[in-house]
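Working notes, beginning with the structure itself.
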Amino acid sequence: MLEENAFEARFRAAQLEAGSWRTSSTDNCLKMWRDHVETCEEGYDWNTDEYDFDLQARDSLELALNDPVLNEHEEIEALRARVHEIDAGLRSILHDQPVKDPAKHPWWECYVPRYGTREFAKDVYRRYGIGISTVD
């Protein structure tokens, strides 16, 4: 087994400290976040519960971006740049109306994409009362 560098070891420790029962590497979290955003760009095709679950990768990345120990490592700047690049893709397609209070929740939890598949659109309307466009 390969030994993790100090940055990755701290990233996993921060996840555990935040209450995660399973940890991921920065690369894995970035991949999951990028995959989620790409799926949203094409038209999210699950329901709102799955959508909320898919946001967990971004939550883990935010832990890293705010962790004082990780911010002492030079790797944090590359991670920050990659996260912001992926974030830009999602921000560009989010609905204007929040589904959660932006003063109490991170931006990625407050808005849903303004379009998705029929199933997602129906669930967004059922759960939040917001109409979004459908793609098929």
Side-chain angles (χ1 to χ4, degrees):
M1 185 168 116
L2 293 175
E3 188 175 321
E4 283 186 316
N5 68 33
F7 187 81
E8 288 296 327
R10 176 60 197 153
F11 181 67
R12 288 182 185 276
Q15 292 171 68
L16 291 173
E17 290 168 10
S20 295
W21 58 275
R22 185 176 68 188
T23 65
S24 293
S25 68
T26 55
D27 283 344
N28 192 45
C29 284
L30 284 165
K31 181 185 179 331
M32 289 187 298
W33 185 233
R34 183 174 302 282
D35 289 350
H36 174 69
V37 171
E38 288 174 355
T39 299
C40 291
E41 290 170 337
E42 295 167 5
Y44 195 78
D45 58 353
W46 293 95
N47 59 40
T48 56
D49 289 330
E50 289 295 324
Y51 183 84
D52 290 345
F53 179 81
D54 290 342
L55 298 177
Q56 290 179 10
R58 183 59 178 82
D59 294 336
S60 293
L61 292 165
E62 188 69 9
L63 282 172
L65 299 179
N66 292 318
D67 186 82
V69 175
L70 289 174
N71 274 274
E72 293 175 4
H73 292 261
E74 64 184 46
E75 295 99 325
I76 196 69
E77 291 311 316
L79 179 63
R80 189 177 314 284
R82 291 174 72 191
V83 170
H84 290 312
E85 175 189 330
I86 299 167
D87 286 353
L90 186 61
R91 284 181 188 270
S92 72
I93 62 167
L94 292 178
H95 197 283
D96 293 337
Q97 186 174 345
V99 297
K100 292 183 180 177
D101 184 351
K104 296 180 181 176
H105 300 278
W107 67 266
W108 59 91
E109 292 178 5
C110 294
Y111 302 89
V112 294
R114 60 180 173 266
Y115 55 86
T117 62
R118 208 169 268 140
E119 177 185 358
F120 185 62
K122 283 173 44 176
D123 202 36
V124 166
Y125 187 78
R126 179 196 60 76
R127 187 171 178 184
Y128 302 118
I130 296 174
I132 64 171
S133 299
T134 58
V135 296
D136 290 313

Fill in: Transitive ILVMFWY side-chain link Phe53 to Leu63, under 4.5 Å
no
Discussion item. Between Glu62 and Arg58 (salt bridge meaning N to carboxylate O under 4.0 Å), is one present in this structure?
Written reply: yes
Worksheet entry | Path from Leu16 to Leu70 over hydrophobic side-chain contacts below 4.5 Å | no
Fill in: Of all pairs that satisfy side-chain hydrogen bond (donor to acceptor under 3.5 Å, both in side chains), the ones with a partner from residues 108-123, not counting sequence neighbours
Thr48-Asp123, Asp59-Trp108, Arg118-Asp136, Asp123-Arg126
Discussion item. Working to the nearest 0.5 angstrom, can you tell me the gap between Ile76 CD1 and Asn71 CG?
Written reply: 4.5 Å
Worksheet entry | Residue pairs fulfilling salt bridge (charged side-chain N to carboxylate O under 4.0 Å, His left out) with at least one residue in residues 37-49, sequence neighbours excluded | Asp49-Arg127
Fill in: Residues in side chain to side chain contact (heavy atoms under 4.5 Å, CB included) contact with Glu72, at least two apart in sequence or another chain
none
Fill in: Contact list for residues 74-93, test ring-ring contact (aromatic ring centres under 6.0 Å, His included), sequence neighbours left out
none
Worksheet item: Between Asp27 and Arg82, is the closest basic N to carboxylate O distance under 4.0 Å?
Response: yes
Worksheet item: Within a strict 4.5 Å, meaning less than it, do heavy atoms of the Gln56 and Cys29 side chains meet?
Response: no
Worksheet item: Got Met32 and Leu61 here, is their nearest side-chain heavy-atom distance under 4.5 Å?
Response: no
Item to complete: Indicate the atoms forming the closest heavy-atom contact of Ala103 with Asp101, along with that distance.
Response: N-OD1, 2.9 Å
Practice prompt. Not counting sequence neighbours, which residues clear ring-ring contact (aromatic ring centres under 6.0 Å, His included) with Phe120? List them please.
Written response: Tyr44, Tyr51
Discussion item. Has Ser20 got a side-chain atom pairing as donor or acceptor with Thr23's backbone, closer than 3.5 angstrom?
Written reply: no
Item to complete: Drop me the distance from Gln15's CD to Ser60's OG, to the nearest 0.5 angstrom.
Response: 4.0 Å
Worksheet item: Does some side-chain heavy atom of Glu8 sit less than 4.5 Å from a side-chain heavy atom of His73?
Response: no
Discussion item. Any carboxylate oxygen within less than 4.0 angstrom of a Lys/Arg side-chain nitrogen, looking at Asp35 and Lys31?
Written reply: yes
Response to the item:
Applying side chain to side chain contact (heavy atoms under 4.5 Å, CB included) to Ile130 and not counting sequence neighbours gives His95, Gln97, Val99, Val124, Tyr128, Ile132
Practice prompt. Of all the heavy-atom pairs spanning Asp67 and Ala14, show the shortest one and how long it is.
Written response: OD1-CB, 4.0 Å
Worksheet item: Just wondering, do Trp33 and Asp54 contact through their side chains at under 4.5 Å, heavy atoms?
Response: no
Item to complete: Evaluate the side-chain proximity of Glu75 to Thr26: yes if any heavy-atom separation is below 4.5 Å, no if none is.
Response: no
Worksheet, complete the sentence: For Val135 and Gly43, the nearest pair of non-hydrogen atoms, with its separation, is CG2-CA, 3.6 Å
Practice prompt. Decide whether Val69 and Phe7 are clustered together by the hydrophobic rule: side chain heavy atoms of Ile, Leu, Val, Met, Phe, Trp, Tyr closer than 4.5 Å, transitively.
Written response: no
Fill in: Side-chain heavy atoms of Leu30 within contact of Leu79, under 4.5 Å
yes
